[in-house]
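Following: one structure in structure tokens, then a few remarks.
For the single chain, residues carry numbers from 1 onward in sequence order. The figures that follow rest on heavy atoms only: side chains count, while hydrogens, waters and symmetry mates do not.
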Amino acid sequence: MSENVVHLHKNTDPPADNVTTLTVVPDAPPARPVPLWVRSGRAVKTVATHETTRATVRAAARHGLYTFNGGRIVARRAWDGRTGSRYERMIRAAEAAGNLEAAEEWEERLQRFRAARHHRRMDLLHSPVDAAKGVAVGAGMSIGALVALGVVMAISTGHVGDVITPLSATVDFIALLIRIVQVVWGPALSIGPFLALLALWSVGRKQQAAPAWALPANVRSSEGEPITPSIVVKALRDLGISPLKTAIKEMGDAGASMLGPIRIAGCGVEVDVTLPSGVATDEVQKRRRKLAENLTRHEHEVFITIPQAARTVRLWIADSGALDEPIGPSPLVTDETMTANYKTGKAPWGQDLRGDAAELSVYQRHLLVTGLSNQGKTAALRALALWLALDRTVQFWIADLKGIGDWAMFDGIAQILIEGPSDDHVIQATEMVEDAVEEMNRRIEERRQDPTVVFEPLIVVVDEAQLAFMCPVVGEDKRPYGGAKATSRYFMAVRKLHNQGRAVDVLMWQGTQDPTDQNLPKLVREGAHTRASLVLGTESQARMALGDKAVDGGAAPQLLRQGLDKGTLVVASDGIAIPAGQASITVRTHFIDDEPAAEIAERAKMLRDGATTLRLVDQGEERDALADVAHVIGDAARLRTNEVLKRLHALAPKVYGDQWTNDRLKSLLEEHGEEPKKSHGVMVVHRDHVLRALANRDADGSASAAE
């Protein structure tokens, strides 16, 4: 039998290993009490720095200073009215500005004022006696008139007492006035000072006679602040030019005498400043940024030019943010009826800073447009060419050495169109310019024989011309294509066009970027009649682009904003209206995108008879000379042999090089039963003859095949 014992009661003692130990954590010590003076200081600081407190303090200071400074202004005006201080200030201002004629005129006015004041003071010596006599006579006459009126009333009414009725009524009226004054006098004495202070406060408020920190936020924020004479004078005073600051201080409030009238000029204002003696105009020009900031404008919103007047600077100050607004589409895009005239017309290029249309004449003017990359150079150059393409008489030879299709719309307008950045394309462009030199020489020779002959304008365009100047290729004749020496083919060809091309309307247009002496030689850039520059990096580049005269006169393309002022050009040319005395003008050009440019080009093609555009081709392939002759003639009935050779050379320079002459062309046609003939004394190739030669050759080939 098992001896296992079963316990029937529950063991209430927990096992030893399950005992939970409780740890009593003492409370954190109480925080150290903050002293009363610290809490008070924090409260005072919070109250003192609170925006409501600041606004209250500013308001109190503002209105108090309005009243105080208003009193100063009224006192100054009263003093000016009673003394000759105003005239003396004007004399000092004129002397400080070196204007002796104006100083003499103000001195004469001062003498007249003093003489009139002396006359008034001398009159005061006799005025008391005269005043007493006047009062006595006036009183006697008044009493007599009243008595006479009473006599008339007594006669009318039959009562003798009516004789003194008017006199007694007058006495009663005077007594009433005295009682009214007695009643009003007390309150007037109490209210009068408050009214006077209110009047002074009104004067101070109108003049904003308080420090800038105390003015309201909308006034204290000077962005877009209207330009006034006082603001311009203060900006000039704070330029840091000691002689200018001293002269303005001597002028006092008459510092505005330096300023001409402030005129509205487009999206800004314009003012001429005549500087005092001892201050040079270039000292102000060098501080353009500081002047702009003093005028609460950005640097690009202030332009400083030197007009014809001596010791004068012309400030053009834009409305805040106005130059960041677009100027609108080109008239070429909006007016589909527009045409062009090379000789008498002007291209609608854009707007000047005054908001007026900026139109450029291209008649017999070589053109150079330069600037940093991707700032709108090609667009500005192409806009001129698109306008000129609307003149059907103008011929174009174009080399686009960027080669991304910027000039593709001229296919069918230009007689030659080269597109590409390779050395082969540069060689093509160089030979194109050399052909233009040959054309120029031919025209000159023809002009000698017949001075009355008129030639169709030929515009030779090379975009990205820096690639041509920097081309390292050397030709078979050991002459380099690029460079800036007398052996450089491109350089010398451009120089020859610059020297004589305009006389026979063969013009050179170049677009180049980031100019240096290596990629834009001095003789080439100075040969352009119209020089225009987009934003540049340095002043030395600006001098390369526009010339010393324009830069010394205030032209500053290096101060334009890269990326933000795309299409803004500084132009030096006699082909555009420039304000008198200035050497340049800033133009914001219209941007014509590729699609509207193509539409304008289509309109130009409709005005023309059609042109066969010769493009760069693979020069290593076998050429069909007779077919190429037919191709270059295109739709023309006949062409001069020189023109045919020139087009063949542009089509394939390595194939139709110098070895192709008039004799070789004649032999080619005679080989197939045709030959060039004279027309008006000039050898020409007829289109029908070439087509007939092709037909004869094909017929001979078919016959040989049949045999």
Side-chain angles (χ1 to χ4, degrees), residues 69 72-73 76 80 85-107 207-213 222 225-262 269-318 538-539 542-543 548 551-556 558-559 581-583:
N69 290 327
R72 292 179 55 193
I73 293 171
R76 184 70 174 271
D80 286 345
S85 60
R86 175 184 301 171
Y87 300 96
E88 293 173 356
R89 285 200 309 273
M90 298 302 291
I91 292 171
R92 290 196 301 269
E95 289 176 346
N99 192 343
L100 299 182
E101 183 178 351
E104 292 176 358
E105 181 180 352
W106 282 109
E107 188 173 4
Q207 298 293 326
Q208 296 293 340
W213 62 267
S222 57
E225 183 178 8
I227 299 299
T228 62
S230 60
I231 290 176
V232 176
V233 171
K234 184 177 182 298
L236 293 169
R237 184 195 67 193
D238 297 339
L239 274 182
I241 303 174
S242 296
L244 180 59
K245 184 176 182 179
T246 302
I248 292 176
K249 284 185 176 180
E250 291 179 356
M251 296 177 191
D253 287 345
S257 62
M258 297 189 305
L259 309 182
I262 296 179
V269 297
E270 186 177 76
V271 59
D272 287 349
V273 181
T274 302
L275 300 175
S277 178
V279 182
T281 55
D282 64 336
E283 292 183 87
V284 178
Q285 279 186 303
K286 293 175 183 177
R287 292 168 171 81
R288 174 180 170 183
R289 173 175 294 180
K290 191 170 186 179
L291 177 62
E293 292 173 350
N294 290 347
L295 292 167
T296 66
R297 295 295 190 273
H298 298 292
E299 184 179 12
H300 72 277
E301 294 176 327
V302 174
F303 289 80
I304 306 173
T305 53
I306 310 299
Q308 195 168 5
R311 214 172 64 244
T312 301
V313 293
R314 178 168 294 163
L315 307 180
W316 185 87
I317 307 161
T538 63
E539 181 180 328
R543 293 184 181 276
D548 292 336
V551 174
D552 291 339
Q558 75 276 10
L559 297 181
Q582 295 182 200

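In this structure, CD on Glu293 lies 11.5 Å from CD on Glu301, to the nearest 0.5 angstrom. Here Thr312 contributes atom OG1 and Leu275 contributes atom CG; the two are 7.0 Å apart, rounded to the nearest 0.5 Å. Taking CD1 of Ile262 as the start and CG of Asp272 as the end, the distance is 11.0 Å to the nearest 0.5 Å. Rounding to the nearest 0.5 Å gives a distance of 4.5 Å between CZ of Arg288 and CG of Leu559.
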Acceptor/donor pairs from residues 279-287 side chains to any protein atom, 3.5 angstrom cut, sequence neighbours excluded:
unit_1, atom_1, unit_2, atom_2, d
Glu283, OE2, Ala280, N, 2.9
Arg287, NE, Leu239, O, 3.4
Arg287, NH1, Glu283, O, 3.0

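Nearest heavy-atom pair, Leu295 versus Ala235, reported as atom, atom and distance to 0.1 Å: CD2-CB, 3.6 Å. Here the closest non-hydrogen pair linking Leu244 and Pro276 is CD1-CD, 3.5 Å. Pairing each heavy atom of Val232 with each of Leu259, the nearest pair is CG1-CD2, 3.8 Å.
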message: Run Val313 and Ile306 through side-chain contact (heavy atoms from CB on, under 4.5 Å) and show every step you take.
response: CA-CA 5 Å; Val313 293; Ile306 310 299; 3.8 Å; yes

message: For a side-chain contact (heavy atoms from CB on, under 4.5 Å) check, start with the C-alpha distance between Leu291 and Leu315, then their side-chain angles and the critical distance, and finish with the verdict.
response: CA-CA 10 Å; Leu291 177 62; Leu315 307 180; 3.8 Å; yes

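Partners of Glu270 by side chain to side chain contact (heavy atoms under 4.5 Å, CB included), not counting sequence neighbours, listed by chain and number: Arg263, Ala265, Arg314, Trp316, Arg354.
For residues 231-243, the pairs satisfying side-chain hydrogen bond (donor to acceptor under 3.5 Å, both in side chains) are Lys234-Asp238, with sequence neighbours left out.
Taking 4.5 Å as the limit, some side-chain heavy atom of Asp548 sits within range of a side-chain heavy atom of Arg543.
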